[in-house]
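Both ligands and their constituent atoms are indexed starting at 1 by order of listing. Remember, predicted model here, so these are calculated numbers, not experimental data.
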Amino acid sequence: MAPLRNIVILTGAGISAESGIDTFRSAGGLWEQHKVEDVATPEGFARDPDLVLRFYDMRRAAIQTKTPNPAHEALAKLDGAWGGELLIVTQNVDDLHERAGATRVLHMHGEHLNAWCAACDARPRWTEPLIHRPPCPACGEPALRPDVVWFGEVPYEMDRIHAALREADLFVSIGTSGAVYPAAGFVRNARSLGAQTLELNLEASQGSRWFDETRLGPASEVVPAWVDELLGG
Ligand code: BV8
């Protein structure tokens with residue numbers, strides 16, 4: 001087996017669950033409280049922008065009260081120690097990977113702590129509410145929206161993701177249900193390109209059959225154990 005040098009890690013809401021951030025599809029999860037088409041689509045935003053801005057204002061405020069958990073910390077440790085290529089591709093819009101110290105992180109669905117100006121395309125760092133339509137710091141227009149990828153919109157940096165998948169010896173998926181594309185298709189891309197595939201999740205996911213190995217358990221336990229194993233701890 002080729003020496004293991006290049007790793008791509010896909011993370012989802014499950015890695016932040018133990019930090020107290022709601023997942024989407026679990027009981028009482030975000031999609032039970034809100035209709036996806038109303039709060040996470042461009043059409044929903046056009047129909048009722050206040051509903052959408054309040055939804056993201058609530059989540060943006062909430063993540064700033066949360067802290068990274070041992071799963072985020074373990075990936076940050078791996079990021080600091082791994083000499084080969086490593087890319088953490090997260091579907092999450094929280095900043096817990098970075099707050100744990102990880103640097104090789106790509107937010108394919110955007111970030112809560114950025115706003116996006118529909119008038120001048122600026123993406124200012126943003127920690128405050130958007131409901132009262134604050135002016136864009138770059139152009140002054142009251143045209144800021146959450147810098148997140150809604151359903152029907154193209155995810156960010158797909159070329160960089162596919163380039164990393166092409167080089168990957170190992171593809172690892174952590175805390176995701178495999179319900180949302182194109183992220184849910186990465187395991188099959190990686191597999192067809194010859195990578196080993198490993199899933200770390202609380203329960204089997206919609207894509208479990210595509211993985212060479214699945215380890216079940218809470219991320220705060222299975223991720224540190226896997227990282228220590230990899231680093232030969
Ligand atoms: C696009 C940002 C074109 C906003 C999000 C093909 C087939 C069918 C449909 C489609 C298709 N292609 C496209 C679609 C349409 C759509 C889609 O996939 N629909 C689904 C619902 C069928 N996709 C799109 O619209 C995408 N855009 O396709 O553009 C294109 C494509 C490619 C190239 C060019 C153009 C855009 C999708 C992005 C939407 N935005 N988020 C926001 O956050 O509000 S998606 C959002 O939901 C998240 O980012 C994430 O991606 C998804 C939620 O999934 P998970 O993170 O997995 O969370 P979930 O709750 O589902 O599961 C949690 C898991 O964790 C569970 O398995 C659980 O067991 C586990 N867990 C829980 N606790 C723990 C744990 N694991 C470990 N430890 C624990 N403690």
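In terms of heavy atoms, Ile174 sits closest to Asn201 at C-OD1, 4.2 Å. Closest non-hydrogen pair, Arg160 versus Leu87, comes out as NH2-CD1, 3.5 Å.
Contact annotation for Ala179 and ligand 1: only backbone heavy atoms (N, CA, C, O) come within less than 4.0 Å of the ligand. Counting heavy atoms under 4.0 Å from ligand 1, residue Ala40 does not touch it at all. For Gln91, heavy-atom contacts with ligand 1 shorter than 4.0 Å involve the backbone as well as the side chain.
The shortest N or O to N or O distance between Val180 and ligand 1 is not below 3.5 Å. Among the atoms of Val148, none of the N or O lies under 3.5 angstrom from an N or O of ligand 1. Between Asn92 and ligand 1, a contact under 3.5 Å exists for no N or O pair. Of the polar atoms of Gly152, at least one N or O is found under 3.5 Å from an N or O of ligand 1, judged by distance alone. For ligand 1, the polar-atom distance check against Ala219 finds a nitrogen or oxygen pair separated by under 3.5 Å.
Ligand 1 lies out of reach of Ser205, whose nearest heavy atom is not under 4.0 Å from it. The shortest heavy-atom distance from Ala183 to ligand 1 is not under 4.0 Å. Under a 4.0 Å heavy-atom criterion, Met108 is not in contact with ligand 1.
With Ser208, Pro155, Ser173, Gly175 as candidates, the residue nearest to atom 63 (C) of ligand 1 on a non-hydrogen basis is Gly175. Of the candidates Tyr181, Tyr156, Trp150, Tyr56, Tyr181 brings a heavy atom nearest to atom 24 (C) of ligand 1.
Close approach to Arg59 involves these atoms of ligand 1, each under 4.0 Å from a residue heavy atom: 42 (C), 43 (O), 44 (O).
Other residues, nucleotides and ligands contribute only 12 or fewer heavy atoms inside 6.0 Å of the CZ atom of Arg5.
Within the 4.0 Å cut-off (strictly below), no protein heavy atom is located near atom 3 (C) of ligand 1. Distance check on atom 9 (C) of ligand 1: every protein heavy atom falls at or beyond the 4.0 Å cut-off. When distances from atom 15 (C) of ligand 1 to the protein are checked, no heavy atom turns up under 4.0 Å.
The nearest heavy-atom contact from the protein to atom 34 (C) of ligand 1 is Val154 CG1, 3.8 Å. With respect to atom 32 (C) of ligand 1, the closest heavy atom belonging to the protein is Pro182 CG, 3.7 Å. Ranking protein heavy atoms by distance to atom 67 (O) of ligand 1, first place goes to Asn201 ND2, 2.9 Å. Annotation: atom 1 (C) of ligand 1 to nearest protein heavy atom, Glu153 O, 3.5 Å.
Note: His107 and Tyr156 fail the aromatic proximity criterion, with ring centroids not under 6.0 Å apart.
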